[in-house]
Every structure is written in structure tokens, then in C-alpha cells.
Engineer: 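Quick one: the structure is below, and I'll ask about it shortly.
All chains are named by letter (A, B, ...) in the order of the sequence lines, taking the proteins before the strands, and each is independently numbered beginning at 1.
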Amino acid sequence: MLRPRAPPPGRAMPDPASPVVTRIAPSPTGKLHIGNARTALFNWLYARHTGGTFLLRVEDTDRERSTAENVEVIFEGFAWLGLDFDAAPVFQHARADRHRAAAAEMLARGSAYRDYMTPEELAEERERARAEGRTIRSPWRDAPAPAGAGKPFVVRLKAPREGETLVEDLVKGPVVFRNDQLDDLILLRADGSPTYNLAVVVDDHEMGITHVIRGDDHLNNAARQTLIYQALGWGPPAFAHLPLIHGPDGAKLSKRHGAEAVSDFAGMGYLPEALRNYLARLGWGHGDDEIFSDAQAISWFEIADVVSAPARLDWAKLNHVNQHYIRLADDARLAGLVDEVLKSREAHRPPDLAERLARAIPVVKEGAKTILELADLVLFALKERPVAVDEKLKAALAGEGRERLGRLALALSDASDWSAEGMAGTLKRFAEGEGVGLGKVGPILRPILAAGAVAPDLASALFALGRAEALARIQEVLSHVQ
RNA sequence: GGGCCCUUCGUCUAUCGGUUAGGACAUCAGAUUUUCAAUCUGGGAAGAGGGGUUCGACUCCCCUAGGGCCUGCCA
């Protein structure tokens with residue numbers, strides 16, 4: 001279940017001469033947030049750009065939320081998005097011993113201490129500190145261990161109170177934090193389990209991560225983590241903090257905006273290559289380039305070109321990009337995707353579905369912004385006979401309408417060129433022969449071809465339906481409305 | 001409350017002291033047209049506000065305003 005994927009064929013192995021190692025470190029909460037997906041994309045692009053290595057670390061130290069199913073969701077999300085890793089995933093929980101060892105090391109060095117404050121005392125101190133506009137302070141920072149063994153304690157970093165900590169961020173530039181603003185963060189909980197900030201530092205260091213590219217929300221953590229690196233005597237990696245993705249209204253992206261997980265986007269009919277292109281453009285740019293291939297993005301990607309301001313998700317533009325990639329997509333692949341949509345909708349799937357889709361998809365794919373739309377556009381070709389004759393069609397067929405449809409059926413069955421162009425010509429000649437405009441032909445033909453669904457222009461619809469089906473639909477209506 | 005980050009058309013962005021501030025999506029108008037879509041042509045649309053620095057600021061500095069993140073024995 002949790003095995004590494006083989007590197008896809010055609011992609012070069014990591015260049016051992018490149019020192020760059022990046023990672024994405026999601027926590028298995030049950031979904032893969034789109035913001036995490038973009039962070040992963042940037043890490044992937046940078047690793048590929050430099051010939052470096054791209055790694056996955058599952059931050060599963062929260063044993064409550066971390067389940068095998070949730071971990072699988074993450075793997076599936078990245079696989080769908082098309083991001084590949086260069087090694088098997090690292091599970092943070094499995095490395096707890098390493099984290100504890102690092103804490104012990106800091107304790108031994110005197111750069112960490114045991115804090116015996118009770119949760120209640122801590123809560124009080126937090127309240128006082130906030131009121132006074134300062135960080136929390138533990139009385140145990142410089143005090144000897146209390147008498148009587150067995151008192152529970154957490155291990156805290158003994159952070160410097162003087163001076164400043166500098167984070168040289170590749171996106172934000174130099175960011176200075178006053179050390180008295182940074183608190184003695186907890187390294188080990190009372191149960192001995194490592195906390196996030198400790199685990200991240202130890203894992204990034206031991207995995208050889210050279211560039212920590214992650215969300216903006218970790219910029220403050222970068223300062224705290226820098227302190228841990230120093231306490232351990234390690235050099236920190238390069239940091240690059242990406243601005244967050246917000247919803248169209250500027251607020252933090254959430255379910256409320258219609259989608260927040262990559263599975264949501266997949267379910268809404270977006271193609272992974274479209275999402276990659278759109279996401280890359282959100283917060284990064286290469287001049288005026290809007291539509292570009294993975295290869296181009298990889299060759300162009302520089303952290304220096306990452307934008308520093310947060311971006312809003314724009315459905316309209318995502319749709320536009322997706323439409324572009326749908327046009328480019330292979331028809332058979334689209335047919336498969338449409339079929340999945342039909343299945344999930346429990347829609348009617350005629351026995352000759354494959355042939356119908358093969359004929360109709362190339363005709364209507366130009367106008368589809370999502371696979372969901374494509375499934376709608378193709379519906380007219382999936383309807384089985386007989387076509388329902390509604391009041392509107394009945395009205396159109398009244399009087400000379402029926403006679404005209406009869407003559408049209410004849411003209412169509414005589415047609416030798418059943419292509420979209422051929423049909424356009426046939427229709428035009430027919431209208432001329434009738435001495436009327438196409439406006440007199442559309443109302444009687446369209447409902448029959450559309451069969452209650454949305455249909456493309458008459459000629460395209462005829463072509464998409466195919467000679468046999470189109471003629472049959474007309475004949476049945478003809479014999480039905482005597 | 002405190003710390004940190006951010007601020008160019010509605011949106012994503014280009015500009016890296018001197019431009020009629022460019023492009024894309026969206027939007028509007030026109031063309032095309034058997035509906036819708038697509039397509040083509042054209043138009044409107046921006047440097048948050050205030051101070052500096054400079055011969056010259058969107059660009060550099062400061063202040064204000066607004067938005068965001070962090071401030072957990074979550075990650």
C-alpha cells in the first residue's frame with residue numbers, strides 16, 4: 001500500500017552533481033489541500049529545474065488523524081497531479097527516536113531544559129504574557145529540577161533572549177526577528193513525543209534538504225527552527241516561503257469557495273495538466289507566458305521569480321486554461337473521463353457508448369471548459385431513439401413543416417459527403433432549393449438532433465450523430481407525426 | 001495585545017529610477033450565426049493614502065490604512 005512509485009519512464013535520474021534537495025511535507029488530514037499541491041508543484045519544479053531531488057515526507061506525528069486511508073489520499077493526490085518523487089516517502093512518526101535523540105543532545109548541551117509547569121500554570125502564564133505583550137516564560141528555564149522524582153515535564157528549547165535571528169528568505173528577502181519575541185518552544189511533549197518544530201528540523205537536516213520551499217504560514221516558524229538548528233549546531237537550509245492561495249473573495253481558501261482539495265478539482269472536471277499550468281502561474285511567472293508545458297515550466301522556474309503577494313483563485317481563468325488543455329487532450333482519454341462522469345451521475349449509457357463518444361467528442365470538445373461540461377455537450381449523441389416530440393417540435397412540424405422535413409430526409413440520405421463541411425453544404429443547398437433561409441430549417445431539425453439536450457450547430461450535430469442515427473431519428477419522427 | 005508578511009486594471013501578472021504602465025482571464029461593443037458555445041476585431045479598466053530621497057519614482061526609505069499569517073504539550 002505505502003510503497004514508492006517507480007520513476008516514470010523518460011525522466012532523467014536526479015543529477016548527483018546537483019546539491020538541491022526539496023521536499024513536500026503534508027500531514028495526512030484526509031485530503032490534499034490545493035495550497036499544498038501548489039507548494040509541492042513549486043518544490044517539484046525547482047528540483048527538476050536544478051536536476052535535484054524531490055522527496056515526500058508524511059508528517060504523521062498526530063496519531064489521531066493519521067490513518068492509512070488518509071495517507072493513501074495524499075499519494076493518490078500527487079499521482080493524479082502528475083508529481084513524481086525520487087525516493088520512497090519518509091514517515092515522520094517512524095523517526096521519533098531520532099527526534100528524541102536530538103532533544104537529548106540539546107539537553108546535554110544545555111540548549112534545552114525540562115519544564116515542569118502544569119498545563120494549568122501554562123495557561124495562566126499564557127494569559128499574563130499576552131496581556132503584557134510578551135512571550136511566555138517558564139520559571140524552570142534556569143531552575144534546578146524539582147525535588148521528588150516523577151514529576152511530568154516537557155522539554156523546551158532554551159532560546160536566546162538577546163539579539164536577533166535572521167531568516168534569509170529566498171522569496172521575502174531578509175527577515176529579522178528579535179529573539180525576545182521568540183518563545184522557548186516545546187520540543188518534547190510530556191509523553192515524550194516530539195513536536196512539529198523539532199521533527200521538521202531533524203528530518204529536514206537528516207534528509208539532506210537544501211531548500212525548504214513551503215507556505216507563507218511557516219515564515220515565523222522559520223525563525224524558531226533556525227534557533228533549533230543553532231542549538232543543534234547545524235546549518236539551516238535555504239528557506240523560500242510562498243504566499244498563500246486565497247479564495248476569490250480574498251479569504252483563506254476553504255470548502256466554502258467550492259473546492260479546497262485536489263480531489264475536488266478532479267471531481268469538477270479539471271485536467272491535471274491544466275491545474276499544474278494554472279497553479280504554476282499563481283504566484284510565479286515567466287514574463288507574459290500564460291500557457292506552457294511542464295518542460296517549459298521546469299526550464300524557466302526560478303525561486304527568484306516567485307511573487308511575494310498572496311493570490312486569489314480565479315475560476316474563470318482556471319476554466320480558460322482547462323479548456324485549452326481539453327482541446328489538446330486525446331479524444332480517447334476524454335471519452336474515458338466522460339464515461340466516468342456518466343457513471344458517477346448514473347446517467348444512461350447506451351450499449352454503443354464508445355462509438356457514440358468517439359464520434360461526438362471531437363465535434364464538441366472545443367466548447368467544453370471542464371469534463372463535466374463535456375459530458376453535457378455530448379449528451380445529445382447518447383440519447384436513444386425514439387426522440388421525444390414535444391409541443392414545440394409539433395408546432396414546427398405543423399403545416400408545411402412536416403413536408404419539408406420529409407424532403408430534407410431525402411436530401412440528407414442522398415448526401416454523399418457526411419462530414420461537417422459536407423453537411424453544411426447539403427443544408428445550405430437544401431434551404432436554397434426550398435427557397436427559404438436556414439432559419440426555416442433549424443427549428444424542425446434541431447430538436448430532433450438535440451433530442452432534448454444541448455446540441456452543436458446543425459451540420460456538426462449531423463456529423464457527430466452519424467448518417468444512420470441521424471436519418472433514423474428523422475424517419476422515426478416523420479412516421480410518428482402523420 | 002505582540003511579532004512577521006503583503007498592497008500595479010475586477011482577477012493573475014510584466015515593469016527590476018526615465019514606458020502612451022504591457023500581457024492573460026473576465027467584461028463591454030461589433031463581426032459571424034439555425035440556438036448555445038466557439039472564433040475574429042475593437043474598447044474600457046491599475047500603481048491604497050501621505051510624506052520623503054532623486055533631475056526624475058509603480059520601482060528606494062518612513063508613516064498610515066487595509067488584508068493575511070503566527071502567537072498550541074496541531075502540523
Engineer: How far does the P atom of B:rA29 sit from the matching atom of B:rC36, given to the nearest Å?
Structural biologist: 14 Å

Engineer: Looking at the side chain of A:R281, which of B:rC12, B:rC6, B:rC73 is the nearest nucleotide?
Structural biologist: B:rC12

Engineer: Regarding A:V200, tell me which of base, sugar-phosphate or nothing describes its non-hydrogen contacts under 4.0 Å with the strands shown.
Structural biologist: nothing

Engineer: How would you list, by chain and number, every residue that makes a ring pair (Phe, Tyr, Trp, His ring centres under 6.0 Å) with A:H33, sequence neighbours excluded?
Structural biologist: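 Residues passing ring pair (Phe, Tyr, Trp, His ring centres under 6.0 Å) with A:H33: none at all.
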
Engineer: Taking atom types as they are modelled, would you say the side chain of A:E132 forms a donor-acceptor pair with the base of B:rG1 within the 3.5 Å cutoff?
Structural biologist: no

Engineer: Does B:rU15 have a Watson-Crick or wobble mate here (both distances under 3.5 Å), and if so which one?
Structural biologist: none

Engineer: Could a donor-acceptor pair under 3.5 angstrom be found where the side chain of A:R130 meets the base of B:rG2?
Structural biologist: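 Absent.
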
Engineer: So, A:D183 side chain and A:I136 main chain: donor-acceptor pair closer than 3.5 Å or not?
Structural biologist: no

Engineer: Can you tell me which residue pairs pass the salt bridge (charged side-chain N to carboxylate O under 4.0 Å, His left out) test with a partner in residues 427-445 of chain A, sequence neighbours excluded?
Structural biologist: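 Checked against salt bridge (charged side-chain N to carboxylate O under 4.0 Å, His left out) - neighbours excluded - the pairs reaching residues 427-445 of chain A are A:R404-A:E434, A:R407-A:E434.
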
Engineer: Remember a base hit wins even if backbone is also touched, and classify A:V364 as base, sugar-phosphate or nothing at under 4.0 Å, heavy atoms.
Structural biologist: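 Here A:V364 touches no strand at all.
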
Engineer: Using the C1' atom in both, what is the distance from B:rA45 to B:rU33, to the nearest Å?
Structural biologist: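 So the two C1' atoms sit 30 Å from each other.
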
Engineer: Select base, sugar-phosphate, or nothing to describe what A:K428 touches, counting heavy atoms under 4.0 Å on all strands.
Structural biologist: nothing

Engineer: Can you check whether A:D184 reaches A:R137 side chain to side chain, under 4.5 Å on heavy atoms?
Structural biologist: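 Answer no - side chains too far apart.
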
Engineer: Should B:rU32 form a Watson-Crick or G-U wobble pair with both distances under 3.5 Å, which nucleotide is its partner?
Structural biologist: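 Pairing partner, where one exists within any strand: none, as none qualifies.
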
Engineer: Of all the choices, B:rC5, B:rA75, B:rU39, which nucleotide is nearest to the side chain of A:L219 once you look at every atom?
Structural biologist: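 Among B:rC5, B:rA75, B:rU39, the one nearest the side chain of A:L219 is B:rC5.
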
Engineer: Taking the P atom in each of B:rC28 and B:rU19, what is the distance between them to the nearest angstrom?
Structural biologist: 34 Å

Engineer: Return the value, rounded to whole Å, for the distance between atom CG of A:L253 and atom P of B:rG67.
Structural biologist: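 So the CG-P distance, A:L253 to B:rG67, works out to 19 Å.
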
Engineer: I'd like the P distance from B:rU64 over to B:rU27, given in whole Å.
Structural biologist: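 To the nearest whole Å, 40 Å.
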
Engineer: From C-beta outward on A:A190, which listed nucleotide comes closest to its side chain: B:rC12, B:rC73, B:rG3?
Structural biologist: B:rC73

Engineer: Starting at CG of A:D376 and ending at P of B:rC36, how long is that distance when rounded to a whole Å?
Structural biologist: 17 Å

Engineer: Give the rounded distance in Å between these two atoms: CZ of A:F430 and P of B:rU34.
Structural biologist: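 Rounded to the whole Å, the gap is 15 Å.
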
Engineer: Can you tell which of B:rC6, B:rG68, B:rA75 lies closest to the side chain of A:R189?
Structural biologist: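 Per side-chain heavy atoms of A:R189, the pick is B:rA75.
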
Engineer: Of all the choices, B:rC6, B:rU11, B:rA38, which nucleotide is nearest to the side chain of A:D314 once you look at every atom?
Structural biologist: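 Per side-chain heavy atoms of A:D314, the pick is B:rU11.
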
Engineer: Both A:Y278 and A:V175 contact RNA chain B. Taking the nearest nucleotide for each, which residue is further toward the 5' end?
Structural biologist: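 Here A:V175 is the residue nearer the 5' end.
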
Engineer: Quick one: does A:K317 reach the base of B:rA26 with a side-chain donor-acceptor pair under 3.5 Å?
Structural biologist: no

Engineer: Checking base pairs now: Watson-Crick or wobble, both atom distances under 3.5 Å. What partners B:rG47?
Structural biologist: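 Partner of B:rG47: none.
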
Engineer: Considering only B:rA38, B:rA75, B:rC6, which nucleotide approaches the side chain of A:E366 most closely?
Structural biologist: B:rA38

Engineer: Let me know the distance between NZ of A:K365 and P of B:rU39, rounded to the nearest Å.
Structural biologist: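 Rounded to whole Å, this separation is 14 Å.
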
Engineer: For B:rU35, does the base pair up with any side-chain atom of A:R446 as donor and acceptor (N or O, under 3.5 Å, distance only)?
Structural biologist: yes

Engineer: Could you measure between the two C1' atoms, the one in B:rU8 and the one in B:rG49, and give it in whole Å?
Structural biologist: 15 Å

Engineer: Report yes or no: do A:N197 and A:T195 form a side-chain donor-acceptor pair below 3.5 Å?
Structural biologist: no

Engineer: If we ignore angles and hydrogens, is there a donor and acceptor under 3.5 Å between the side chains of A:D457 and A:S460?
Structural biologist: yes

Engineer: Measure CG/A:L244 against P/B:rC70 and give the value in whole Å, please.
Structural biologist: 8 Å

Engineer: Using the P atoms only, state how far B:rC55 lies from B:rG72, rounded to an integer number of Å.
Structural biologist: 50 Å

Engineer: Rounded to the nearest Å, what distance is computed from the CG atom of residue A:D216 to the P atom of nucleotide B:rU7?
Structural biologist: 11 Å

Engineer: Is A:R126 close enough to B:rG2 that one of its side-chain N or O atoms is under 4.0 Å from OP1 or OP2 there?
Structural biologist: no

Engineer: Between B:rU71, B:rC6, B:rA75, which nucleotide gets closest to the side-chain atoms of A:D183?
Structural biologist: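 Looking only at heavy atoms from C-beta outward on A:D183, the closest nucleotide is B:rU71.
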
Engineer: Using Watson-Crick or G-U wobble geometry with both distances below 3.5 Å, tell me the partner of B:rA37, or none.
Structural biologist: none

Engineer: Hey, does the side chain of A:T61 come within less than 4.0 Å of B:rA75's phosphate (OP1/OP2), counting only N and O?
Structural biologist: yes

Engineer: Is the CD atom of A:E127 crowded by more than 12 outside heavy atoms at less than 6.0 Å?
Structural biologist: no

Engineer: Return whichever of A:L313 or A:F153 has its heavy-atom-nearest nucleotide of RNA chain B closer to the 5' end.
Structural biologist: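 On the 5' side of the pair lies A:L313.
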
Engineer: Figure out the CG/P separation between A:D457 and B:rU39, and round it to whole Å.
Structural biologist: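 Taking CG of A:D457 and P of B:rU39, I get 15 Å after rounding.
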
Engineer: Can you tell which of B:rA38, B:rA75, B:rU7 lies closest to the side chain of A:Q323?
Structural biologist: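 Closest nucleotide to the A:Q323 side chain: B:rA38.
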
Engineer: Is there a donor-acceptor contact under 3.5 Å from the side chain of A:R276 to the main chain of A:L81?
Structural biologist: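 Flag set: sc A:R276 to bb A:L81 pair under 3.5 Å.
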
Engineer: Would you measure the distance from the C1' atom in B:rG50 across to the matching atom in B:rA65 and give it in whole Å?
Structural biologist: 10 Å

Engineer: When all nucleic acid strands are considered with a 4.0 Å heavy-atom cut-off, which category describes A:A455: base, sugar-phosphate, or nothing?
Structural biologist: base

Engineer: State which of B:rU71, B:rC25, B:rA75 makes the closest approach to the side chain of A:H218.
Structural biologist: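 Given the options B:rU71, B:rC25, B:rA75, the side chain of A:H218 is closest to B:rA75.
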
Engineer: Going by purine N1 to pyrimidine N3 plus the second Watson-Crick contact, or the G-U wobble pair, all under 3.5 Å, which nucleotide sits opposite B:rU53?
Structural biologist: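 By the stated definition (distances under 3.5 Å), nothing pairs with B:rU53.
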
Engineer: In whole Å, measure the gap between the C1' atoms of B:rA21 and B:rA46 for me.
Structural biologist: 9 Å

Engineer: Counting only side-chain heavy atoms from C-beta out, which of B:rG68, B:rU13, B:rC25 sits nearest to A:H246?
Structural biologist: B:rG68

Engineer: Working to the nearest 0.5 angstrom, can you tell me the gap between A:Y229 OH and A:L232 CG?
Structural biologist: 9.5 Å

Engineer: What nucleic acid atoms does A:G283 come within less than 4.0 Å of, heavy atoms only: base, sugar-phosphate, or nothing?
Structural biologist: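 Since only primed, P, OP1 and OP2 atoms lie under 4.0 Å of A:G283, the category is sugar-phosphate.
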
Engineer: A:D289 near the nucleic acid: base, sugar-phosphate alone, or nothing, with a heavy-atom cut-off under 4.0 Å?
Structural biologist: nothing

Engineer: Considering every strand shown, what is the Watson-Crick or G-U wobble mate of B:rG66 when both distances are under 3.5 Å?
Structural biologist: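 Pairing partner: B:rC6.
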
Engineer: Would you kindly give the CG-to-C1' distance between A:D203 and B:rA75, to the nearest whole Å?
Structural biologist: 13 Å

